[in-house]
Amino acid sequence: MMVKLLDLKKQILDIRPEIDDAIKIVIDSASYIGGSHVREFERSFSNYIGVNESIGVGNGTDALEIALATLSLPKGSLVGLPANSFIASAEAITRSGHTPIFIDVDQNSFNIDLNDLKRVLKKLKALIVVHLYGMPADIVKIQALCNEHDIKLIEDCAQAHGASVNGTKVGSFGDISAFSFYPGKNLGAFGDGGAVCTSNEDYGYKARLIANHGRIEKYNHLMEGRNSRLDSIQAAVLSVKLRHLDDWLLLRERQASLYDELLAPKIQKKINCRSSNHLYVIKSEKREGLRSYLEAQGIETGIHYPMSLNKYPFYKDYEGRCPVAEILATQVLSLPIGEHLKDDDIKFVANKICEFNKKL
Ligand SMILES: *Cc1c(COP(=O)(O)O)cnc(C)c1O
């Protein structure tokens, strides 16, 4: 038995005719950048997330950079972020000329630790909150803290399409939010893609300008911007996939509950929170052994992420004491989850993990 972490070929099997049709329509229209396909996707995506506007951009990292540029913070502003994330969350801050402060994470939720956040709160001009693995961070409390201290709140939703708190989707809590449509994400394009979401009209207008050379129409440049746009073919693919996203989320939810049941991980499930279950992550003190054991059974696993961001040598001059994130980096293991798997695959993986733990 071979259980893969991700199988993009299998994922689109059922929807291949819909996708082929959508791509054909774009090719027939020969409108490859901007135009109705992008506008249509942006409209459905903002409806789905529950924001006034979404702007298609080149990728998730650009979405974070454009979100930061939209906020017009003074150069060198201190911007907080959790130390347990993909490097893009930090790159966006430094590449925008700001200074990151790494914040520790909670060992049960893997997300930003509120106490550590409170410690640095007074210094921050902005905060990037990551809904890691698809599990919403403590966003309602974080939003209140940011309001109280006049801190701009950016949500990094690259792993959390469709995740929600009390029925409200993540990506609609912050001043502005960033999504990635990298092929392996829960809503993935056939290449790079991303979106900036906001309900603030001024921010929406500005983000759109920045992403398209600072212009509202050809050669009418109102400011200097950059080129970061979502291609029409990607938008057409994403429009098709968005229609299936809720079904896929239900399936991932069922697989995650099955793992919960069989592995009984000591992870507090937050009530009122719905994860997008982008990754199913367990902790193991014997991670390397477990990983090889599973590999020998044909089970692929991943590590998200092998190093706490504050430990990278090129970030050593920035503030961040993150003991929990540093330990997690040695223990986290991502198990296969997703549309390409059947319940039997999940049971097989869980049984092999129990088998390994019994042998210890
Ligand atoms: C994938 C990811 C990004 C970056 O998205 P790209 O589209 O790959 O640029 C940013 N933040 C997090 C948490 C991610 O997982």
Side-chain angles (χ1 to χ4, degrees), residues 5-6 8 41 45 49 54-69 79-96 98 100 102-103 105 109-112 126-137 139 142 153-163 170-171 173-174 176-197 207 211 226-231 234-235 237-238 241 252 275-281 302-310 312 315 322 325 328-329 332 334 337-338:
L5 204 52
L6 183 70
L8 293 173
F41 172 68
F45 194 64
I49 299 300
S54 80
I55 298 111
V57 299
N59 56 65
T61 312
D62 281 4
L64 284 167
E65 276 186 49
I66 292 165
L68 275 166
V79 181
L81 81 157
N84 184 19
S85 183
F86 180 55
I87 194 170
S89 318
E91 283 172 329
I93 299 172
T94 53
R95 288 184 49 83
S96 308
H98 302 308
F102 297 102
I103 299 169
V105 297
S109 71
F110 305 111
N111 274 321
I112 216 160
L127 174 68
I128 296 183
V129 165
V130 182
H131 303 291
L132 198 71
Y133 312 147
M135 178 54 84
I139 194 69
I142 291 170
L153 177 58
I154 301 164
E155 292 179 82
D156 180 340
C157 304
Q159 305 187 359
H161 319 74
V170 303
F173 290 91
I176 194 160
S177 60
F179 286 84
S180 163
F181 304 125
Y182 177 79
K185 309 286 187 188
N186 282 15
L187 181 62
F190 287 179
D192 276 316
V196 174
C197 287
R226 56 186 290 176
N227 177 358
S228 182
R229 299 175 297 220
L230 182 69
D231 293 334
Q234 303 303 348
V237 169
L238 289 167
K241 284 192 165 190
R252 282 175 182 269
S275 174
S276 70
N277 293 295
H278 173 60
L279 295 170
Y280 190 92
V281 175
I303 294 176
H304 301 89
Y305 294 91
M307 185 130 89
S308 177
L309 290 176
N310 59 302
Y312 281 99
Y315 289 145
C322 307
L328 283 178
V332 288
S334 311
I337 189 165

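We number each residue from 1, following the sequence as shown. Counting starts at 1 for both ligands and their atoms, following the listed order.
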| CD on Gln234 to CG on Leu230, rounded to 0.5 Å |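 If I round to the nearest 0.5 Å, the distance is 7.0 Å.
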Expected output: side-chain [X] to main-chain [Y] donor-acceptor under 3.5 Å:
X: Ser89; Y: Leu81; result: no
X: His278; Y: Leu132; result: no
X: Ser85; Y: Pro82; result: no
X: Ser96; Y: Ala92; result: yes

Ligand 1 and [X], any nitrogen or oxygen pair closer than 3.5 angstrom?
X: Thr61; result: yes
X: Gly60; result: yes
X: Tyr182; result: no
X: Asp192; result: no

| field | Protein heavy-atom partner closest to atom 11 (N) of ligand 1 - residue, atom, separation in Å | value |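 Of the protein heavy atoms, Asp156 OD2, 2.8 Å lies nearest.
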| query | What is the closest protein heavy atom to atom 12 (C) of ligand 1, and at what distance does it sit? | reply |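 Going atom by atom, the protein heavy atom closest to atom 12 (C) of ligand 1 ends up being Ala158 CB, 3.4 Å.
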| task | Classify the contact between Asn59 and ligand 1 as side chain, backbone, both or neither, using a heavy-atom distance cut-off of under 4.0 Å. | result |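 Near ligand 1, Asn59 shows its backbone as well as its side chain.
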| Considering only heavy atoms, does Ser85 approach ligand 1 within less than 4.0 Å through its side chain, its backbone, both, or neither? |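 Side chain only.
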| query | Under 4.5 Å between any side-chain heavy atoms of Val332 and His304, yes or no? | reply |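 SC-SC contact between Val332 and His304 ruled out.
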| said: Please enumerate all residues that pass salt bridge (charged side-chain N to carboxylate O under 4.0 Å, His left out) together with Arg226, with sequence neighbours excluded. | reply: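 For Arg226, the residues satisfying salt bridge (charged side-chain N to carboxylate O under 4.0 Å, His left out) (neighbours in sequence not counted) are Asp62, Glu65.
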| Counting heavy atoms only, which of Lys185, Gln159, Glu91, His131 is nearest atom 2 (C) of ligand 1? |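 It is Lys185 whose heavy atom sits nearest to atom 2 (C) of ligand 1.
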| task | Nearest heavy atom to atom 10 (C) of ligand 1 wins, so pick from Gly188, Ala88, Gly193. | result |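 Nearest option to atom 10 (C) of ligand 1, by heavy atoms: Ala88.
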| task | Could you list which atoms of ligand 1 come closer than 4.0 Å to a heavy atom of Ser180? | result |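 Near Ser180, the atoms of ligand 1 are 5 (O), 6 (P), 7 (O).
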| task | Verify side-chain hydrogen bond (donor to acceptor under 3.5 Å, both in side chains) between Glu155 and His131, making sure each step is shown before the conclusion. | result | CA-CA 8 Å; Glu155 292 179 82; His131 303 291; 2.7 Å; yes
